[in-house]
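Along the sequence shown, residues are numbered consecutively beginning with 1.
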Amino acid sequence: MADELLKDEIIALYAAEPDLAELPAVLFGSVARLIGADVVSYAEHHHRSREFRSLLSVDDDPQNRARAVEAFARHMLSHPFWQYDPAFYGERALRESDFFSDEEFFGLPMAKEAFLPSGAHRMMAVVMEHEGYSLLIVGHRVVGRPPFSDEERDRLQAYRPHILRSYRQAQQRTLARVKPAERLGLAFPSLTARQLEVASGLIEGRSYEEIASALGIGVDAVKAHVKAIYRTIGSSNGRVAATIAHTVLPFAVMPPLWKVGSGAWGGSAQQRSSR
């Protein structure tokens, strides 16, 4: 590989072995170095729930960002470049300069209301899709800097499949760290906190008496919780409960994977900045 910078960043990306919580920061640094971006944004969209998280590589003013997001939503349908449709982007890295001259860009309502107030002008994006998620990475440059070059475009385009592979691996690492009882709770969200505590004891192979002693409740209460657990999961065997807890990947009901283990499963959207 002739591009040593690209080679080094690919090696560093895989060596970092990030989970979903760690991946944005890793990509912020690598993308900024690869294409000379002043700011990098990272966004995930979970199609089933329609939730998303949007992170920036620098701190910004929350009110200004909220206004920019609202302006972006108003004007995103004005051109396919702003819609970040995986079908339109394909495997390409696309730049604003691929579609607009500088004069045209500065006259766009999108630019005037969403980007120029924060000094952003140049941008280059890649879009990836994986198992019900869309991942968007955008490099930004401030007003006055030159457009992204063909060489920088080709570099980001070559880096794209490695971002996608690392994203898949990050999802797997995130799920692998979920404890069995939590996994059972994700698969069957109607289980109560106490039922999950009892289920955790079952998964660990404890007797009813041991579970009762550990939780400070009576054996009859444990038996009642066990019946409720089996009724919920459609099983009447502790071994089956353990199997489900270890193997179920409940994509149909679980929250977006970036929320797993965070305790923040509510709400409809996340918009935040991170260094």
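Through chains of ILVMFWY side-chain contacts below 4.5 Å, Met76 is grouped with Phe72, Leu77, Phe81, Trp82, Tyr84, Phe88, Tyr89, Leu94, Phe99, Phe100, Phe105, Phe106, Leu108, Met110, Phe115, Leu116, Met123, Val127, Leu136, Val138, Val143. Hydrophobic side-chain contacts under 4.5 Å tie Ile11 to no other Ile, Leu, Val, Met, Phe, Trp or Tyr residue.
Summarising the geometry, atom OG1 belonging to Thr174 is positioned 7.5 Å from atom CD belonging to Gln171; distances are rounded to the nearest 0.5 Å. Rounded to the nearest 0.5 Å, atoms CZ (Arg173) and CG (Leu257) are 14.0 Å apart. Considering CZ of Arg67 and OG of Ser118, their distance stands at 11.0 Å, rounded to 0.5 Å. Here the CD-CG distance, from Glu91 to Leu164, works out to 9.5 Å after rounding to the nearest 0.5 Å. Note that CD of Glu17 is 8.0 Å distant from CD of Gln169, once rounded to the nearest 0.5 Å. The line from CG of Leu27 to CG of Leu135 is 7.5 Å long, rounded to the nearest 0.5 Å.
Within the structure, every pair that satisfies the salt bridge (charged side-chain N to carboxylate O under 4.0 Å, His left out) test and touches residues 95-121, not counting sequence neighbours, is listed here: Arg74-Glu113, Arg95-Asp98, Arg95-Asp150, Glu96-Arg122, Asp102-Arg122. Listed by first and then second residue, the salt bridge (charged side-chain N to carboxylate O under 4.0 Å, His left out) pairs that reach into residues 28-40 are Glu9-Arg33, Asp38-Arg145, sequence neighbours excluded. Screening residues 213-233 for salt bridge (charged side-chain N to carboxylate O under 4.0 Å, His left out) gives no qualifying pairs among residues at least two apart or on separate chains.
A donor-acceptor contact closer than 3.5 angstrom links the side chains of Ser149 and Glu152. At a cut-off of 3.5 Å, with distance as the only test, a side-chain donor of Ser30 or Tyr159 sits close to an acceptor on the other residue.
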TODO: Begin with the C-alpha distance, continue with both residues' side-chain angles, and end with the deciding distance and a verdict on side-chain hydrogen bond (donor to acceptor under 3.5 Å, both in side chains) for Ser200 and Arg206.
DONE: CA-CA 9 Å; Ser200 180; Arg206 296 184 183 182; over 6 Å; no
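For the side-chain contact (heavy atoms from CB on, under 4.5 Å) test, residues two or more places apart in sequence or in another chain that qualify with Arg194 are Thr192, Glu197, Leu215, Ile217, His225.
Aromatic pair Tyr133/His46: centroids less than 6.0 angstrom apart.
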